[in-house]
Amino acid sequence: MRPILILALPALVLAACSDGGEATRDVEMGAPEAPPSTAPLVLNDVALDQPLAVLGTEPFWSVRIRPDGIEYDGVDRPLRRGANPGPTVQGTTAVWATATEDGQTLVVTLAATPCSDGMSDRAYPLTAQVEVGAETLNGCAAPQSLIDTTDETGQPKAATS
C-alpha cells in the first residue's frame with residue numbers, strides 16, 4: 001500500500017496547489033493573440049503598401065514595387081520580374097526579397113534616410129540598395145506618386161491640357 005501512496009503524493013500536492021486548471025490551460029493554449037495590425041507599414045512617412053519607385057544612376061536602373069510584383073531593369077539590363085512578398089521592416093529599414101522569373105535573387109533594401117540621386121534636385125525620402133544576383137546597386141526611393149507629380153527640380157509638374 002505504501003508504494004501507491006508515495007506515487008500518489010506528488011499528484012495530490014499539485015492538485016492542492018492548482019487554481020482549478022485556468023493557469024495550466026492558459027500556458028497550454030498560449031496567451032491570446034493580438035489582432036493583426038491594420039495600420040500600413042511606414043518608413044520615413046512613406047507608406048510601404050503603395051507603389052514605390054526605386055532608382056539609381058551610373059548606371060541608370062530602376063525598380064518598381066507594386067502590390068502585384070517587383071520589376072527591375074535599366075540601361076543595357078533586361079527586364080526582370082518577381083513576386084512581391086511584402087517588406088520585412090526592422091527599425092528604420094524595410095527589405096523585400098524575391099526571385100525573378102529567370103532565377104536571379106532580387107533584394108531591395110530601403111532605409112529611412114533622405115537621398116539625392118546626384119543628378120537632379122529632387123529630394124527622395126528613402127535611400128535604397130538593390131542586390132540583383134551578385135551585383136549591388138545604390139540609389140534612392142520614393143512613392144511613385146511623388147515621381148509622377150514632380151519634375152527633376154522637385155517642383156510640381158505643370159499640368160498638361
Side-chain angles (χ1 to χ4, degrees), residues 22-161:
E22 294 300 318
T24 304
R25 195 168 31 256
D26 288 346
V27 170
E28 288 173 0
M29 296 178 69
E33 288 187 29
S37 174
T38 57
L41 296 173
V42 175
L43 199 62
N44 208 14
D45 294 328
V46 175
L48 302 179
D49 60 350
Q50 68 181 310
L52 301 173
V54 185
L55 53 95
T57 59
E58 298 183 29
F60 289 100
W61 56 269
S62 69
V63 172
R64 289 158 304 283
I65 301 174
R66 308 277 185 274
D68 63 344
I70 299 175
E71 294 181 336
Y72 160 81
D73 66 357
V75 174
D76 298 327
R77 295 161 190 270
L79 175 64
R80 291 188 165 122
R81 292 185 176 106
N84 180 351
T88 299
V89 178
Q90 290 187 337
T92 59
T93 61
V95 178
W96 286 259
T98 191
T100 63
E101 70 273 359
D102 63 353
Q104 290 287 323
T105 59
L106 176 60
V107 179
V108 179
T109 303
L110 303 182
T113 54
C115 184
S116 169
D117 62 20
M119 297 191 79
S120 72
D121 292 327
R122 184 182 281 141
Y124 298 85
L126 304 170
T127 299
Q129 182 177 67
V130 175
E131 298 169 55
V132 182
E135 185 175 24
T136 299
L137 303 163
N138 295 302
C140 302
Q144 184 65 52
S145 61
L146 177 73
I147 304 301
D148 293 342
T149 59
T150 60
D151 62 20
E152 289 189 359
T153 67
Q155 299 300 311
K157 287 184 179 177
T160 58
S161 48

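Position 1 is the first residue of the sequence, and the numbers go up from there. Remember, it's a predicted structure, so these values are computed and weren't measured experimentally.
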Side-chain donor/acceptor of N44 to backbone N/O of P125, under 3.5 Å = yes
Residues 75-83 side chain polar contacts: donor-acceptor under 3.5 Å, at least two apart:
| from | atom 1 | to | atom 2 | distance (Å) |
| --- | --- | --- | --- | --- |
| R77 | NH1 | Y72 | OH | 2.8 |
| R77 | NH1 | E135 | OE1 | 2.8 |
| R77 | NH1 | E135 | OE2 | 3.2 |
| R77 | NH2 | E135 | OE2 | 3.2 |
| R80 | NE | D102 | OD2 | 2.8 |
| R81 | NE | E71 | OE2 | 2.9 |

note = With sequence neighbours left out, the residues meeting side chain to side chain contact (heavy atoms under 4.5 Å, CB included) with T105 are none
key: Test item: E131 and T136 side chains (from C-beta on) under 4.5 Å apart, heavy atoms   = yes
message = Quick check: do V130 and L106 have side-chain heavy atoms less than 4.5 Å from each other?
response = yes
Test: disulfide (SG to SG under 2.5 Å). Region: [range]. Which pairs qualify, not counting sequence neighbours?
{"range": "residues 55-89", "answer": "none"}
{"range": "residues 44-87", "answer": "none"}
{"range": "residues 77-111", "answer": "none"}
{"range": "residues 90-132", "answer": "C115-C140"}

Just distance, no hydrogens or angles: give the donor-acceptor pairs under 3.5 Å from side chains in residues 141-148, sequence neighbours left out.
| from | atom 1 | to | atom 2 | distance (Å) |
| --- | --- | --- | --- | --- |
| Q144 | OE1 | R66 | NH2 | 3.4 |
| Q144 | NE2 | D148 | OD1 | 2.9 |

key: side-chain contact (heavy atoms from CB on, under 4.5 Å) between L110 and L52, intermediate numbers included   = CA-CA 11 Å; L110 303 182; L52 301 173; 4.0 Å; yes
ask   = Can you name the salt bridge (charged side-chain N to carboxylate O under 4.0 Å, His left out) partners of E152, sequence neighbours left out?
value = none
Contacts of D45 that satisfy salt bridge (charged side-chain N to carboxylate O under 4.0 Å, His left out) - sequence neighbours left out = none
Pair up each side-chain donor or acceptor in residues 86-96 with any protein partner under 3.5 Å, not counting sequence neighbours, and list the distances.
| from | atom 1 | to | atom 2 | distance (Å) |
| --- | --- | --- | --- | --- |
| T93 | OG1 | Q90 | O | 3.1 |
| W96 | NE1 | N84 | OD1 | 3.4 |

Can you give me every donor-acceptor pair (side chain of residues 53-63, partner residue at least two apart or in another chain, under 3.5 Å) with its distance?
| from | atom 1 | to | atom 2 | distance (Å) |
| --- | --- | --- | --- | --- |
| T57 | OG1 | D117 | O | 3.4 |
| S62 | OG | R64 | NH1 | 2.7 |
| S62 | OG | D73 | OD1 | 3.0 |

